[in-house]
Visitor: 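One structure, pasted below without further comment.
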Protein chains: 2
Amino acid sequence: MSIHSFYENAPKHLVAVDCIIFGFEDGKLKLLIMKRKVDPMAGAWSLVGGFVQDNESTDEAAARVLKQTTGMDHIYMDQLHTYGDVNRDTGARVISVTYYALIRIKEHDRILANDHGAHWLSLHQIPPLIFDHSVMLQHALDKLRDKAHTYPVGFELLPEKFTLPQLRNLYEEIYQRELDKRNFRKKILAMNILEKLDEKDKSSSKKGAHLYKFDEAKYEQLMKTGFGFTM
Amino acid sequence: MSIHSFYENAPKHLVAVDCIIFGFEDGKLKLLIMKRKVDPMAGAWSLVGGFVQDNESTDEAAARVLKQTTGMDHIYMDQLHTYGDVNRDTGARVISVTYYALIRIKEHDRILANDHGAHWLSLHQIPPLIFDHSVMLQHALDKLRDKAHTYPVGFELLPEKFTLPQLRNLYEEIYQRELDKRNFRKKILAMNILEKLDEKDKSSSKKGAHLYKFDEAKYEQLMKTGFGFTM
DNA sequence: CCAAAAGTGTTGGCCTTACACCCATGA
DNA sequence: TCATGGGTGTAAGGCCAACACTTTTGG
């Protein structure tokens with residue numbers, strides 16, 4: 001078979017990227033989803049996605065989609081899984097590559113998101129999603145929990161300065177269970193990746209909680225090696 | 001935008017599946033790779049792969065490719081990652097979804113494999129592979145090791161009856177380090193998923209080692225819940 | 001002065017690891 | 001009888017989970 005028939009006889013497919021975009025706000029883990037604009041299922045809730053173009057990699061497509069919706073660059077993203085069932089999209093045969101992203105909600109462009117019909121919803125309030133998007137979300141959650149054991153994912157979701165109770169609250173949201181206050185502090189501080197600031201955040205208590213930020217150098221070092229993070 | 005322009009304006013892409021096929025034979029972890037038949041890179045070593053057709057899911061495409069090469073059905077397979085760089089295949093823009101498979105080499109169709117130009121090579125003897133296939137292999141190995149912590153992957157690679165030294169040897173190959181004989185037996189037997197047979201295998205020692213096989217019921221039960229398998 | 005959240009250490013149990021000798025048998 | 005790989009138990013240390021009280025301060 002010649003090179004031409006080898007490649008040219010093969011069928012081509014629409015390829016999409018769909019992003020499961022997590023954020024953290026008001027002590028809740030949230031998801032950015034949007035109202036679909038086109039048929040079939042126009043008006044129904046959907047993950048944020050788009051088609052892969054000829055001149056971009058799938059990773060770049062995901063980053064582009066994210067930027068278009070949130071205005072943000074250089075976001076933490078990871079590829080999750082590719083959904084390839086023939087009839088998963090009722091409009092056409094579309095193979096979808098999913099990514100999850102972790103976003104600091106405060107830093108994103110709320111106006112841009114609204115223009116796209118995108119909204120942050122708390123995980124407990126997520127309506128049914130089109131096609132297999134609910135399954136994608138569930139897999140993303142499983143992966144997020146899994147990833148949190150070996151990677152400091154939580155830090156991507158918090159603002160630059162944060163308190164330990166906030167961080168713990170975030171992990172409690174991710175794992176959907178309570179974490180022991182003392183054990184949590186012990187473990188986090190033992191990693192030695194946090195820098196204690198002189199400021200306190202009194203927004204959630206009278207006593208006030210110390211603010212911390214990441215020690216970038218140690219954090220980068222730890223990222224290279226990975227680490228155990230069993231809660 | 002109408003439904004037609006939404007789907008029809010989007011570009012289409014060649015989508016391939018590439019399989020990282022692991023087997024275990026003569027105490028070595030092996031990989032099934034083949035000589036590529038078409039240009040570019042005809043004659044070079046390649047993973048086993050093929051294009052996704054219109055009437056099949058990506059999972060089905062991977063299973064088909066595997067069956068065409070080994071004659072085997074109902075193989076343990078898992079999707080790994082999708083490689084979407086624009087220029088990763090020098091012949092055309094191809095998006096590749098990778099799968100890894102665990103095979104009992106003894107049960108596969110060696111003649112069929114040879115007809116396809118496919119060969120089992122020990123991991124240490126793998127030549128450079130085309131395109132990004134070496135990267136795919138490395139990721140598959142990482143994933144296999146990772147998966148082995150939470151899933152009894154080793155059992156998929158052994159014949160129905162096997163000895164504990166064989167099983168340990170397999171895990172040593174996967175982790176590329178020695179495992180303590182006593183601790184290994186303790187842990188495996190504590191899982192209570194093995195059935196001890198009356199037969200012995202004397203092929204590798206004069207004393208002979210007891211043969212075991214899996215207790216299907218308990219094994220299925222354990223597969224549902226997952227389990228820790230730290231070696 | 002009281003309510004509400006922040007902060008702080010110790011202990012027991014379990015799990016992991018390290019480690020050495022006897023057994024069975026074919027050659 | 002000896003060489004080869006198979007099979008067996010125990011003890012120490014590290015890690016994780018459970019647990020309750022004091023501190024601070026705004027209202």
Side-chain angles (χ1 to χ4, degrees), chain A residues 26-28 145 148-150 152 154 158 161-192 194-213 222 225-231, chain B residues 26-28 145 148-150 158-159 161-213 222 225-231:
Chain A
D26 303 330
K28 295 289 177 190
R145 285 183 191 122
H149 289 303
T150 55
L158 289 169
K161 300 174 183 179
F162 54 89
T163 67
L164 287 182
Q166 278 175 349
L167 185 62
R168 179 165 55 88
N169 178 221
L170 169 54
Y171 275 96
E172 288 177 340
E173 279 285 306
I174 291 174
Y175 291 124
Q176 288 293 301
R177 66 185 176 89
E178 292 198 350
L179 299 174
D180 183 87
K181 208 165 32 161
R182 281 170 286 192
N183 293 337
F184 183 83
R185 298 177 77 90
K186 221 181 309 172
K187 213 172 250 177
I188 291 287
L189 294 175
M191 287 173 191
N192 196 30
L194 296 187
E195 183 183 344
K196 191 173 186 172
L197 304 175
D198 283 336
E199 306 168 66
K200 279 194 166 189
D201 169 24
K202 298 204 171 179
S203 63
S204 72
S205 81
K206 294 166 180 171
K207 181 177 178 183
H210 277 99
L211 284 164
Y212 289 79
K213 70 174 187 181
L222 206 55
T225 57
F227 66 168
F229 202 75
T230 309
M231 292 288 160
Chain B
D26 303 330
K28 295 289 177 190
R145 285 183 192 123
H149 289 301
T150 55
L158 290 168
K161 299 174 184 180
F162 54 88
T163 67
L164 287 183
Q166 278 174 348
L167 184 62
R168 180 167 54 89
N169 178 220
L170 168 54
Y171 275 96
E172 288 178 339
E173 279 285 305
I174 291 175
Y175 291 126
Q176 287 293 299
R177 66 184 176 91
E178 292 198 351
L179 299 174
D180 183 88
K181 206 164 37 162
R182 281 170 286 193
N183 294 337
F184 182 83
R185 298 178 77 90
K186 221 182 311 171
K187 211 172 250 177
I188 291 288
L189 293 176
M191 286 174 191
N192 197 30
I193 54 176
L194 296 187
E195 183 183 344
K196 189 175 188 172
L197 304 175
D198 283 336
E199 308 167 65
K200 279 195 166 188
D201 169 24
K202 299 202 171 180
S203 64
S204 73
S205 81
K206 295 166 183 177
K207 181 176 177 182
H210 276 99
L211 284 164
Y212 289 79
K213 70 173 188 180
L222 205 55
T225 56
F227 66 170
F229 201 76
T230 308
M231 293 289 160

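Each chain gets a letter, A, B and so on, in the order its sequence line appears, and its residues count up from 1.
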Visitor: Any side-chain heavy-atom pair from A/Tyr212 and A/Leu158 closer than 4.5 angstrom?
Guide: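 No - every pair of side-chain heavy atoms lies 4.5 Å or more apart.
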Visitor: Starting at CG of A/Leu167 and ending at P of C/dA6, how long is that distance when rounded to a whole Å?
Guide: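 So the CG-P distance, A/Leu167 to C/dA6, works out to 13 Å.
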Visitor: Would you find a donor on one side and an acceptor on the other, under 3.5 Å apart, between the side chain of B/Glu173 and the backbone of B/Lys28?
Guide: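 Checking the backbone N and O of B/Lys28 against the side chain of B/Glu173, no donor-acceptor pair under 3.5 Å is found.
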Visitor: What is the distance, to the nearest angstrom, from the CG atom on A/Asp201 to the C1' atom on D/dT25?
Guide: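 After rounding, the reported distance stands at 14 Å.
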Visitor: For B/Glu195, give me all partners under side chain to side chain donor-acceptor pair (under 3.5 Å), at least two apart in sequence or on another chain.
Guide: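 Checked B/Glu195 against side chain to side chain donor-acceptor pair (under 3.5 Å); zero matches.
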Visitor: Using the side chain to side chain donor-acceptor pair (under 3.5 Å) criterion, which residues pair with A/Lys202? Sequence neighbours excluded.
Guide: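 Result, side chain to side chain donor-acceptor pair (under 3.5 Å) vs A/Lys202: none returned.
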Visitor: For A/Lys202 and C/dA4, what is the distance between atoms NZ and P respectively, to the nearest whole Å?
Guide: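 Answer to the nearest Å: 18 Å.
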Visitor: Report, one pair per line, the protein and nucleotides 6-10 of chain D atoms (nitrogen or oxygen only) whose separation is under 3.5 Å.
Guide:
unit_1, atom_1, unit_2, atom_2, d
D/dG6, O3', B/Gly208, O, 3.4
D/dG6, N3, B/Lys207, NZ, 3.3
D/dG7, OP1, B/His210, N, 2.9
D/dG7, OP1, B/His210, ND1, 3.4
D/dG7, OP2, B/Arg185, NH1, 3.0
D/dG7, O5', B/Arg185, NH2, 3.4
D/dG7, N7, B/Lys181, NZ, 3.1
D/dG7, O6, B/Lys181, NZ, 2.6
D/dT8, OP2, B/Arg185, NH2, 3.3
D/dT10, O4, B/Lys186, NZ, 2.8

Visitor: Mind running side-chain contact (heavy atoms from CB on, under 4.5 Å) on A/Phe162 and A/Leu194 for me, showing each step along the way?
Guide: CA-CA 10 Å; A/Phe162 54 89; A/Leu194 296 187; 3.8 Å; yes
Visitor: Nearest whole Å is fine: how far is C/dC14 C1' from B/Lys187 NZ?
Guide: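 Computing the B/Lys187:NZ to C/dC14:C1' distance gives 13 Å.
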Visitor: Roughly how far, to the nearest 0.5 Å, is the CZ atom of B/Phe184 from the CD atom of B/Glu178?
Guide: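 Going from CD on B/Glu178 over to CZ on B/Phe184, the span is 13.5 Å.
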Visitor: Rounded to the nearest Å, what distance is computed from the CZ atom of residue A/Arg177 to the C1' atom of nucleotide D/dA17?
Guide: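 Going from CZ in A/Arg177 over to C1' in D/dA17 covers 10 Å.
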Visitor: What integer distance in Å separates A/Glu178:CD from D/dC19:P?
Guide: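 My rounded result for the distance is 13 Å.
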